[in-house]
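Reading through the structure tokens given below for one structure.
Everything quoted here is computed from the prediction, not taken from an experiment.
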Amino acid sequence: MEKLPQDPFILLSMVNMRLRDEYGSLDELCTAMDVDKEDLIRKLKDAGFEYLPAPVNQFR
């Protein structure tokens, strides 16, 4: 399991960059990184961000 950044803005930047460059969906990213999807969504939601699936495929 990859250690995720604790700062929500650094986490947002890292996740969105990987979604843009490496993964076609949040499910793919979470599987590849061995990250709990619901935990990731919760952390970013607590910071005010929501995942928008394809065609956007990023948190905003």
Side-chain angles (χ1 to χ4, degrees):
M1 176 183 275
E2 184 170 333
K3 182 153 173 65
L4 296 176
Q6 295 301 307
D7 181 282
F9 296 101
I10 294 172
L11 177 61
L12 173 73
S13 177
M14 184 212 60
V15 167
N16 278 344
M17 178 189 67
R18 291 200 172 177
L19 286 169
R20 181 191 69 224
D21 296 344
E22 300 173 37
Y23 302 105
S25 72
L26 185 58
D27 288 325
E28 287 179 30
L29 178 141
C30 290
T31 299
M33 294 178 62
D34 193 24
V35 170
D36 182 272
K37 179 181 172 182
E38 297 307 316
D39 186 46
L40 178 60
I41 289 171
R42 181 187 48 77
K43 284 179 183 177
L44 289 171
K45 185 173 185 163
D46 288 349
F49 303 104
E50 179 180 352
Y51 178 67
L52 302 172
V56 178
N57 192 36
Q58 66 177 211
F59 284 87
R60 289 192 180 165

4.5 Å side-chain heavy-atom contact, I41 and F59: yes
4.5 Å side-chain heavy-atom contact, Y51 and V15: no
[X] [atom1] to [Y] [atom2] distance, which is reported to the nearest 0.5 Å:
X	Y	atom1	atom2	value
E50	R60	CD	CZ	11.0 Å
K45	E38	NZ	CD	10.0 Å
R18	N16	CZ	CG	12.5 Å
L29	L19	CG	CG	5.0 Å
N57	L26	CG	CG	7.5 Å
M33	M14	CE	CE	4.0 Å

Carboxylate-amine/guanidinium contact D46 K43, below 4.0 Å: no
Main-chain N/O of K37 paired to D27 side chain as donor or acceptor, under 3.5 Å: no
Nearest non-hydrogen partners of P5 and I10, listed with the distance: CB-CG2, 3.7 Å
Nearest heavy atoms of V35 and L40, plus distance in Å: CG1-CB, 4.1 Å
Aromatic plane relationship, F49 with F9 - under 30° parallel, 30 to 60° tilted, over 60° perpendicular: perpendicular
